[in-house]
Amino acid sequence: MSPTPLPPVPYHASAQRPSWQALPAALRAAVADRLGAPVSAARVAGAGFTRGFAAVLDTADGGRAFVKAAPAAGQPRLVDSYAREAAILDRLPADLPAPRPRWTLHEAGWFVLCTEAVDGHTPRLPWAPTELDAALAGYAQVAAALADAPAGLTALGLPHLADLARSDILWWEEVAAGREPSPPLPGPVRGRLPELVALEARLPGYAAEAAGLIHGDLRVDNVLIDADGRAWFCDWTWVCHGPPWWDVAGLLLTAYAGGLDADALFAGHPACAGAPADALDATLAALAGYYLTGAAAAPPTASPHLPAHQRWSGEQALDWLALRQGWR
């Protein structure tokens with residue numbers, strides 16, 4: 001398999017969301033009331049893989065905010081995710097490059113999360129060097145700030161990546177046991193299932209040693225680059241206790257796909273200092289299993305582009321791993 005530089009659907013256009021006018025009138029009125037003025041314009045977010053409403057709202061008095069919303073009846077898991085993100089954002093260190101929460105709202109059977117609006121864009125692929133540098137530098141700041149988990153966040157009872165790994169992300173083990181169908185594998189990786197199982201199985205032990213917190217879902221569509229070239233990080237639902245090199249590897253999948261020296265970028269990142277020698281291989285095996293098995297089981301409430309994104313991401317992780325392991 002050769003890496004394909006671009007995903008089948010651009011990350012900045014991966015979402016399928018309702019428009020502002022499609023929301024219930026009572027909900028729109030309640031949001032406008034909390035914003036303090038009528039909504040004059042709504043720019044729906046193109047990035048992401050849910051069907052929840054997400055948009056920058058401009059108001060008649062010149063105000064601006066970012067609003068997410070989901071119906072409790074149709075998307076209860078998304079409502080739970082937005083509520084969890086609201087609690088996490090409220091407790092993040094104030095100086096992190098993350099949008100600050102403003103308020104939440106229950107109205108007309110919907111849950112709403114409002115944050116400050118970040119005036120930025122999703123990085124386009126292949127990565128512009130300055131934007132990738134900004135994202136990696138920004139995450140170094142995040143990793144340093146969360147290396148000693150803030151008490152306010154730990155009080156939320158956040159999960160541990162090690163526990164998630166034991167119960168949810170030993171995907172190749174599930175495939176080997178016949179409990180998950182085997183995804184299509186490229187030639188260099190066929191017959192390598194025992195190696196994939198062994199590499200993936202190292203992750204829980206490594207993750208259990210981590211004391212700090214991580215973003216947990218660091219992808220290019222969760223990054224915004226502002227007018228000053230600074231990177232901001234969004235969608236904090238999946239914060240957990242874990243090693244920061246997990247996030248770095250996830251972000252660098254797209255750098256690898258674009259032909260950059262992702263090994264050097266990983267090794268040189270401050271958040272990866274002291275990582276076990278095979279930490280990247282264990283992470284790539286786990287990410288490949290997660291994405292490739294997930295592509296066949298995307299929930300109906302997700303964007304229709306999610307399966308293609310997962311297949312592409314899993315292929316990049318496998319190709320990078322195969323190159324590192326000398327399988328091709």
Side-chain angles (χ1 to χ4, degrees), residues 1-11 13-16 47-51 125-127 161 164-204 216-222 238 246 249-260 262-263 266 278-328:
M1 185 196 312
S2 298
T4 304
L6 297 176
V9 178
Y11 277 92
S14 58
Q16 187 174 89
F49 293 94
T50 74
R51 295 179 187 259
L125 299 179
W127 278 94
L161 182 62
L164 295 174
R166 292 187 187 96
S167 62
D168 293 328
I169 60 174
L170 293 180
W171 296 282
W172 295 117
E173 182 180 283
E174 294 294 292
V175 170
R179 293 187 291 268
E180 282 279 353
S182 179
L185 297 178
V189 185
R190 290 183 199 132
R192 298 289 183 179
L193 185 57
E195 289 97 322
L196 292 171
V197 171
L199 284 169
E200 172 189 67
R202 300 174 192 176
L203 185 62
D217 193 27
L218 195 61
R219 304 186 309 261
V220 66
D221 57 300
N222 287 336
W238 304 111
W246 168 269
L251 182 64
L252 287 177
L253 281 182
T254 46
Y256 171 78
L260 300 179
D263 283 345
F266 181 89
D278 57 356
L280 179 54
D281 301 289
T283 300
L284 291 174
L287 286 172
Y290 162 69
Y291 281 124
L292 292 175
T293 59
T301 54
S303 163
H305 300 309
L306 179 61
H309 154 74
Q310 291 183 314
R311 282 191 295 271
W312 182 84
S313 298
E315 289 167 0
Q316 307 317 308
L318 270 187
D319 196 86
W320 187 1
L321 178 62
L323 180 62
R324 288 178 52 82
Q325 292 290 313
W327 296 343
R328 66 173 181 85

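These numbers come from the heavy atoms of this one structure, side chains and all, not from hydrogens, waters or symmetry mates.
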Looking at every heavy atom in both A286 and L203, which two are closest together, and how far apart are they? CB-CD2, 3.8 Å
Closest non-hydrogen atoms of Y11 and S313, given as atom of the first, atom of the second and distance, are OH-OG, 3.6 Å
Between L318 and L292, which heavy-atom pair has the shortest distance, and what is it? CD1-CD1, 3.6 Å
Distance-only donor-acceptor hits, side chain of residues 189-198, under 3.5 Å, sequence neighbours excluded:
{"residue": "R190", "atom": "NE", "partner": "L185", "partner atom": "O", "Å": "2.8"}
{"residue": "R190", "atom": "NH2", "partner": "L185", "partner atom": "O", "Å": "3.3"}
{"residue": "R192", "atom": "NH1", "partner": "E195", "partner atom": "OE2", "Å": "3.0"}

In chain order, what residues pass the salt bridge (Lys or Arg N to Asp or Glu O under 4.0 Å) check against R311, with sequence neighbours excluded? none
How long is the span from the OG1 atom in T283 to the CH2 atom in W320, to the nearest 0.5 Å? 9.5 Å
Using the test ring-ring contact (aromatic ring centres under 6.0 Å, His included), find all partners of F266 that sit at least two apart in sequence or belong to another chain. none
Residue pair P183 / V175, side-chain heavy-atom distance below 4.5 Å: yes
Is the backbone of S303 close enough, under 3.5 Å, to the side chain of R51 for a donor and an acceptor to pair up by distance? no
Got a second to check how far W327's CH2 is from D319's CG, nearest 0.5 Å? 11.5 Å
Spatial distance of atom CG (L284) from atom CG (L199) [nearest 0.5 Å]: 9.0 Å
Nearest non-hydrogen partners of G314 and A288, listed with the distance: O-CB, 3.9 Å
Ignoring hydrogens, what is the shortest heavy-atom contact between R202 and A282? Give both atom names and the distance. CB-CB, 4.3 Å
Is there side-chain contact between L287 and Q316, with heavy atoms separated by less than 4.5 Å? no
Applying side chain to side chain contact (heavy atoms under 4.5 Å, CB included) to T293 and W172, what does each step give before you reach the verdict? CA-CA 9 Å; T293 59; W172 295 117; 5.6 Å; no
Side-chain touch P7/T254, heavy atoms, less than 4.5 angstrom: no
Whether T50 side chain and A302 backbone form a donor-acceptor pair below 3.5 Å: no
Sequence neighbours excluded, the answer for salt bridge (Lys or Arg N to Asp or Glu O under 4.0 Å) partners of E180 is none
Are the side chains of V9 and F49 in touch, meaning some heavy atoms are under 4.5 Å apart? no
Answer yes or no: is there a side-chain heavy-atom contact under 4.5 Å between L253 and W312? no
Between L170 and A201, what is the shortest heavy-atom contact and its length? CD2-CA, 4.1 Å
Just wondering, do Y291 and E315 contact through their side chains at under 4.5 Å, heavy atoms? no
With heavy-atom distances below 4.5 Å as the criterion, would you say the side chains of P304 and Q16 are in contact? yes
Is the side chain of E200 donor-acceptor paired with the backbone N or O of W171 at a distance under 3.5 Å, no angle test? yes
Output all residues satisfying salt bridge (Lys or Arg N to Asp or Glu O under 4.0 Å) with R324, sequence neighbours left out; order by chain, then residue number. D263, D281
Heavy-atom distance under 4.5 Å between the side chains of L218 and W246, does that happen here? no
dist D278:CG -> Q325:CD (nearest 0.5 Å) comes out at 8.5 Å
I need the full list of salt bridge (Lys or Arg N to Asp or Glu O under 4.0 Å) pairs touching residues 289-301, with sequence neighbours left out, sorted by first then second residue. none
